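Heads up, the thing below is written out as structure tokens.
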Amino acid sequence: MKTDIPSPVARNGSSSSPAGGKGQASARPFSVQELRTISFQIAAGWFRADEATQLTLMEVHPWRLHAYWNISEQDWQPSRAQGGQEALVLRLRDPRGRVADQDVEVDGRRNNWYVDLLQGGGAYTAELGLLQGNGDLQVLAQSNTVQLPMAEPSPQRDYTMGLVKDAEPPQGDAPMFDKSLEPPPELPQQQLYPGPGQVSEPFPSAESVSVPLPRHEPKLDVSGENGDEEVYGTDFPAIEEYELEQEHERTDQFSSAMVKSEIPQLPAMDETLICPTDLSLGSHATLPAGPSAPAVEPITPAASQQLEQIESRLLQEHPLNPVPVIAQAGADVIHEQVSTHAPAVRRPVMALEDALGASLFSGSLGGAGLQVDSRLQLSGQLDPDHALSLFGEAVEVDAEGRFTVSLPLDKGPELLALLYRLRQHKREPG
Amino acid sequence: MAYGYQCIVLHAHLPYVRHPEYDSFLEENWLFEAITETYVPLLHMLKRLHGAGLKNCLTLSLSPTLMSMLRDPFLQQRYLKHLEKLLRLADEEVKRTRGDADFAPLARLYQQRLTEVEHTYKESCGQDLLAAFVDYAEQGVLELMTCAATHGYLPLLRQEASSVRAQLKAGADSFQTMTGLQAEGVWLPECGYYQGLEALVEEAGFRYFFLDAHGILNARPQPYYGVSAPIVCPNGIAAFGRDPATSRQVWSRDEGYPGDPHYRDFYRDIGFDLELDTIAPYILDGRTRIQTGFKYYRITGAGDEKQPYRPEQAVERVQIHADDFVERSCQALYAQGQRKDPAPIIVSPYDAELFGHWWFEGPDWLEAVITRMAGEAADVGLTTPSRYLQENPRQQVALPADSSWGDGGYNAFWLNPGNDWVYPYLHDAAQRMHMLAQIYGDEPEGSQRYRALQQAGRSLLLAQASDWAFIMKTETSKEYAYNRTRDHLARFNYLEHAVRSGEFDERQLQALEVMDPIFPQLSPRIFS
């Protein structure tokens, strides 16, 4: 059955009010000019912003947050009374309330900011406040919680079948969810369709198909020469003047280094820089079919306890989003990845390339970029303009940005903490 | 016996461009060009497919804003005037190019096509293209679905869940009201998904939606079949993943079919090529050059030098490209091991306006592909999402990953320094609308307060359209996008004040109803 829509506009081109509007004082048609006048009057007089104090976080992509805020005049007054010299900062926290990153100093003239994060997939809340001399934060506004997406295949494998809503089960009384089914065997590799043969290249299977993954967008200038004004917010346009040209200068507070547990402190990062062209897999990386299924050697309780102690110490000393990874010399794989935000919670076993590769290394993840035996061999490719250091030592990078690093591994489990620090930099507009 | 299924999905959407406060308005041409170059040619294609007895050829998503415009008598009248002007221009072009071996046949081609469009629009469809699409859906030629009310980008509206709920519910209601059909599927605007959205999709009465490939591939647990089968969310809603390879074949400027040098070039148009005095009677205000649709060159190459368009060469390329697409699909399905449960499916969604408007030969290519796949001996079978789910009701359970099909795969295209200013306003208005609906939602229908509340809801929905943030980012009609956002938010603020104060200016309220008459049956309670 079809329903006609009542016409709000007269057939002769003049405009009348909608049919069905009871209680209308007049059905007199509108002239074009009258409509335009009313439209202008309302646009000019009623576009206004909310003036209440608030802070909102939004997800841009797995590695970036956007925060916008408003602080009411009333809430600014105590600060102004004290001279208003304190820095306005965003403090990110994890869902348990622990500080999740370094404070991000923001420009008080702006009302929004973009924050880049080391790891995708985290959950964050934020406070906006004034940093006191003793390090305390005078909180002006608290945000909502956001959950950033994971930008990689899930390591979880579970072949549970379920019925689509309102569907007839294929076999009468089949259950809504059925865990009893075994996954079918792996798909055959690259079978060529025996058709007429117009297509010369084999077609990739669905599981290995090349997917344009999102890039980590910032094209960062890490020269460190433009750090005078560090701003990364955007202005709201004025009602009467719409101006989109804005500066996109910013500072990130992250650093990058790889430290072994025995190294007592982070290496100095003032001379060397690290800035992979792309912190994700690259724009057209090949997705792995899933985490490998290694023969995992169990970690002894004593070793596990020791590792947790090291991990806790590292986290206390360097609360910068480290990615501790437990490695074992002589094994093919890394045994566990530990979330920095919830050290007590072990994530599922992951291959080292899954744990590290998605964060740092572009290119193939299938082992070509990383090998583990008695040594951990890492290779990757950077923007040739950028430098790399590991453990405070410059790594040789060839003209095309390729590098290979080999690190000795001690016998038994080891904890590797991978940290990034992108130094002060300025982003090019656009 | 087919190795699996191909599901071709076209998403037809335009923002609500309707300006009775002006005698003519440039952006209304977006609708008029799409009617002439895409929607009517698609109807011509459907007519031929129907004549050949083919079923389940296509899935077409019609956005509520587009449906409203297609049904709007005011815009229908304006379209007829536009079409009359084009027909006069066609006559002039036939005269102007007479004797020119390259261009005269093309001028006659455009004249013939416009005459056919006029006949279809006025005579066959009685100016109601939507009804024609519904007829073909009822005949089983295609499946219709819809999307969120004004194409709001839902991941960035989630800060006020009532707005996401209202976008989906108003979309579903609007589709049912205008078509008389119940949409089983919803096109999430820009394929924008966040975990938890599936609950609101279910609440609005839909059974399935589409995601970009990484929304499926990064789902939890990892989907066994990748994008070659849908997954089922824990609440039973199915999610289909876009197949990257077939998408690239059509979308990609470099690798895709539409970039073939024999196809017609989109950018060279007599609206820009002819002397202003010659073209003036046929452009908007006699001064502002616009696309007319009369384009005489083929893509040729990357440079500015273009060769005349040769339709007969383009026809040959269409057949070659259709063969290539079909064979690639067969190969991809064959590589899935000829499994039966669940049967493999390739989902290939595209913007409908790509076909005919941007890619002139697109409808011909689509028809060639469908015709090949619909053959009884074909190795790939055509299907629609509902039909596929009917035959394959049991799928792997997994929760999709946050994603979109925009550049970068997440929210960055709709949240960046070029457009981020809109969100504080949108979120604030959404929260206030939620409160208004809770307080005043039970006002008597037809009362001034109820009408003002309804209109506030319309204004909010229109402000939320993803198109404005998209346009601000692409900087194509930035000022227009800014003005639309500002105007709708200002109208919302004005109406909120009226609802709260109880002070109504009947004339102004009527004017707002006249200017934004979308969703006549909108219930303010959907915002509560």
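Chain naming here is simple, since letters A, B, ... match the order of the sequence lines and numbering starts at 1 in each. Please read all numbers here as calculations on a predicted model, not as lab measurements.
Of the possible donor and acceptor atoms, none in the side chain of B/Gln396 sits under 3.5 Å from a partner among the backbone N and O of A/Tyr159. The closest donor-acceptor contact from the side chain of A/Glu59 to the backbone of B/Leu156 lies at 3.5 Å or more, if one exists at all. Between the side chain of B/Asn493 and the backbone N or O of A/Trp46 there is at least one donor-acceptor pair closer than 3.5 Å.
In this structure, chain B has a heavy atom under 4.5 Å from the side chain of A/Glu34, while its backbone stays farther away. Contact annotation for A/Asp50: both backbone and side-chain heavy atoms come within less than 4.5 Å of a heavy atom of chain B. Only the side chain of B/Leu512 comes within less than 4.5 Å of a heavy atom of chain A; its backbone N, CA, C and O stay farther away. Using a 4.5 Å cut-off between heavy atoms, B/Ala429 makes no contact with chain A at all. When heavy atoms are compared at a cutoff of 4.5 Å, A/Ser39 approaches chain B by way of both its backbone and its side chain. Interface remark: A/Gln33 contributes no atoms to any contact with chain B (heavy atom separation under 4.5 Å). The part of A/Leu57 that comes within reach of chain B is its backbone (N, CA, C, O), which places non-hydrogen atoms under 4.5 angstrom from that chain. Interface remark: B/Asp23 contributes backbone and side-chain atoms alike to the contact with chain A (heavy atom separation under 4.5 Å). Of the two parts of B/Arg158, only the side chain, counted from C-beta on, holds a non-hydrogen atom closer than 4.5 Å to a non-hydrogen atom of chain A.
Under the 4.5 Å side-chain criterion, counting only non-hydrogen atoms from C-beta, B/Arg220 is not in contact with A/Met150. B/Gln431 is not listed as a side-chain neighbour of A/Gln54, based on a closest heavy-atom distance of 4.5 Å or more.
For chain A, the option among B/Glu496, B/His427, B/Arg432 with the highest count of heavy-atom pairs below 4.5 Å is B/His427.
Salt bridge annotation for B/Glu198-A/Lys165: absent, with no cationic side-chain nitrogen under 4.0 angstrom from a carboxylate oxygen.
Annotation: the span from B/Leu489 atom CG to A/Ile42 atom CD1 amounts to 13.0 Å, rounded to 0.5 Å.
Aromatic ring centres of A/His66 and B/Tyr423 lie farther apart than the 6.0 Å criterion allows.
Relative ring orientation between B/Trp421 and A/Phe47 is described as perpendicular, the plane-to-plane angle rising above 60° on a 0-90° scale split at 30° and 60°.
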